[in-house]
Protein chains: 2
Amino acid sequence: MTNPRAAMLVIGDEILSGRTRDANMFYLAGELTKQGIDLTEVRIVSDDQTAIVDALNALRQSYDVVVTSGGIGPTHDDITADCVALAFGVPVDVRDDARALLQAHYDRQGAELNTARLRMARIPDGATLIDNPVSIAPGFSLENVHVMAGVPAVFQAMVASLLPNLTGGAPLLSQSLRIFRGEGEIAEPLGKLAQEFSELSIGSYPFQKDGIYGANIVIRGADGAMVDRAMAKLATLFPT
Amino acid sequence: MTNPRAAMLVIGDEILSGRTRDANMFYLAGELTKQGIDLTEVRIVSDDQTAIVDALNALRQSYDVVVTSGGIGPTHDDITADCVALAFGVPVDVRDDARALLQAHYDRQGAELNTARLRMARIPDGATLIDNPVSIAPGFSLENVHVMAGVPAVFQAMVASLLPNLTGGAPLLSQSLRIFRGEGEIAEPLGKLAQEFSELSIGSYPFQKDGIYGANIVIRGADGAMVDRAMAKLATLFPT
């Protein structure tokens with residue numbers, strides 16, 4: 001009984017150019033972990049049609065769940081909906097239900113639903129809409145691919161709309177111990193512990209700051225009692 | 001005359017589980033951009049041999065430069081060097097020059113170069129070492145793949161060691177304008193500007209915070225005079 005496996009595709013030049021620091025990946029990783037869905041791979045590609053379509057096809061065939069962020073706004077560099085349609089080989093056009101959402105929104109604002117804004121109602125055939133309580137323009141799900149906006153506040157709202165519809169597994173429990181010794185000193189007994197508790201994931205994440213070395217040892221697993229036993233053993237191996 | 005294209009492979013469970021927020025990708029993206037190397041794709045995979053080897057082979061065949069971070073420490077979950085050797089089909093073993101670096105380092109510290117630490121001297125055949133002034137255990141380069149540590153201070157030091165050896169292109173110049181109007185209002189004239197200056201990359205990055213909407217328009221290109229002209233035109237389109 002393994003957990004569902006997820007991948008994320010981040011679409012946009014702004015992270016690759018070093019202009020923006022990612023926020024959506026970090027958020028999604030935490031939310032999926034809580035839900036018992038294992039985020040297993042992330043890819044970041046630029047606003048390039050071939051790159052997006054190839055990544056979509058690779059990920060949707062390999063993972064149970066694929067979440068994308070970015071590229072669904074009204075400007076010329078927003079090409080995600082068209083790329084999803086290409087990847088699935090389905091038509092894409094302005095859809096009445098999405099248009100109605102936008103029309104009502106801009107009517108309330110006294111603004112015009114112009115050609116550019118109408119691009120945000122382009123939905124690939126067969127998709128269902130993902131609710132966007134922040135700025136209305138919807139995301140959408142097509143089979144196992146869930147397409148969301150890149151603006152963090154909107155992305156997070158869409159994740160909240162989507163998550164109840166995803167089947168999760170056993171939430172991964174994790175405990176950690178901070179050890180102020182170099183990894184080289186703790187590696188051998190830690191490796192033996194990992195062999196003994198082979199059903200758990202035992203990771204060592206070294207840190208080095210202001211001349212102080214050490215490692216955070218993180219033990220993860222779905223079986224809480226087993227995680228407890230491994231943590232107890234870890235504490236006896238490396239008394240603080 | 002296009003710039004070299006780079007990819008990054010981040011190896012490790014800690015980002016995928018939402019435990020750690022990425023720092024290395026953000027750092028590398030900025031450094032490569034300054035050097036005129038276009039970071040074009042990033043993949044993040046877990047500490048899993050098949051995932052690492054497959055990603056390495058896909059990226060090294062598609063890009064001029066591949067930088068990896070993570071998985072070269074002394075603990076059981078550090079498997080990057082072995083995965084690189086597998087990907088290239090070359091042997092990997094403790095190498096004398098790397099061992100000598102570590103031996104001298106631990107002698108100075110009065111510590112033992114034990115079996116675990118010696119793992120950090122495992123270097124695939126044919127690789128050259130990347131200097132690590134922070135904690136000595138070296139990274140390595142094999143053909144176009146450059147393997148570095150995941151601890152940010154060490155990663156950054158290794159990037160500094162590596163960068164002078166990489167051939168860069170024309171540094172990408174960028175200018176930006178913050179426009180306090182919704183993307184839907186500016187999309188059409190912006191799209192025309194992007195067509196007029198098709199040699200430049202014109203990106204629109206919407207923001208939404210505390211009820212204020214707008215977009216940062218970023219114009220990038222190697223030709224500074226052309227970027228200036230496009231920015232001037234942008235400013236006339238959207239006077240502040």
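Below, chain A is the first sequence line, B the second, and so on; all start at residue 1.
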message: Quick one, T75(A) with D77(A), criterion side-chain hydrogen bond (donor to acceptor under 3.5 Å, both in side chains). Give me CA distance, side-chain angles, the key distance, then yes/no.
response: CA-CA 6 Å; T75(A) 56; D77(A) 53 348; 2.5 Å; yes
message: Quick one, E41(B) with Y63(B), criterion side-chain hydrogen bond (donor to acceptor under 3.5 Å, both in side chains). Give me CA distance, side-chain angles, the key distance, then yes/no.
response: CA-CA 9 Å; E41(B) 180 171 349; Y63(B) 295 98; 2.7 Å; yes
task: Test I44(A) against I11(A) for side chain to side chain contact (heavy atoms under 4.5 Å, CB included), laying out the working first.
output: CA-CA 6 Å; I44(A) 308 175; I11(A) 295 161; over 6 Å; no
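Nearest approach of S135(A) to V154(A), heavy atoms of both residues: OG-CG2, 3.5 Å. In terms of heavy-atom proximity, M158(A) sits nearest to G139(A) at CE-N, 3.3 Å. Minimum heavy-atom separation, P138(A) to L101(A): CG-CD1, 4.3 Å.
No other option in G70(A), A187(A), P74(A) has as many heavy-atom pairs under 4.5 Å with chain B as P74(A). Ranked by non-hydrogen atom pairs under 4.5 Å with chain A, the options G184(B), G203(B), G191(B), S46(B) are led by G184(B). Ranked by heavy-atom pairs shorter than 4.5 Å toward chain B, the options E31(A), E185(A), E183(A), M120(A) are led by E183(A). Taking S17(B), P206(B), A194(B) one by one and counting their heavy-atom pairs under 4.5 Å with chain A, the maximum is reached by S17(B). Of the listed residues (D13(B), I186(B), L32(B)), the greatest number of heavy-atom pairs within a distance under 4.5 Å of chain A belongs to D13(B). Counting heavy-atom pairs under 4.5 Å between each of I202(A), N216(A), I15(A) and chain B puts I202(A) at the top. The choice from D47(B), D22(B), V218(B), L39(B) that makes the most heavy-atom pairs within less than 4.5 Å of chain A is L39(B). No other option in M8(A), E14(A), R119(A), E188(A) has as many heavy-atom pairs under 4.5 Å with chain B as E14(A). Of the listed residues (A137(A), A116(A), G182(A), A29(A)), the greatest number of heavy-atom pairs within a distance under 4.5 Å of chain B belongs to A29(A). Per-residue heavy-atom pair counts under 4.5 Å with chain B were compared for V134(A), L28(A), L118(A), L113(A), and the maximum is reached by V134(A).
Both the backbone and the side chain of A23(A) come within contact range of chain B, with heavy atoms under 4.5 Å apart. In this structure, chain A has no heavy atom under 4.5 Å from any part of Y106(B). Interface remark: T20(A) contributes backbone atoms only to the contact with chain B (heavy atom separation under 4.5 Å). Proximity to chain B (any heavy atom under 4.5 Å) is restricted, for Y213(A), to the side chain, taken from C-beta onward.
Checked for salt-bridge contact, K233(A) and E196(A) meet the test: a charged N lies under 4.0 Å from a carboxylate O.
Taking the ring centre of Y205(B) as origin, the terminal cationic atom of R178(B) falls outside the region bounded by 6.0 Å and 45° from the ring axis.
At distances below 3.5 Å, not a single donor-acceptor pair connects side-chain atoms of N132(B) with backbone N or O atoms of A157(B).
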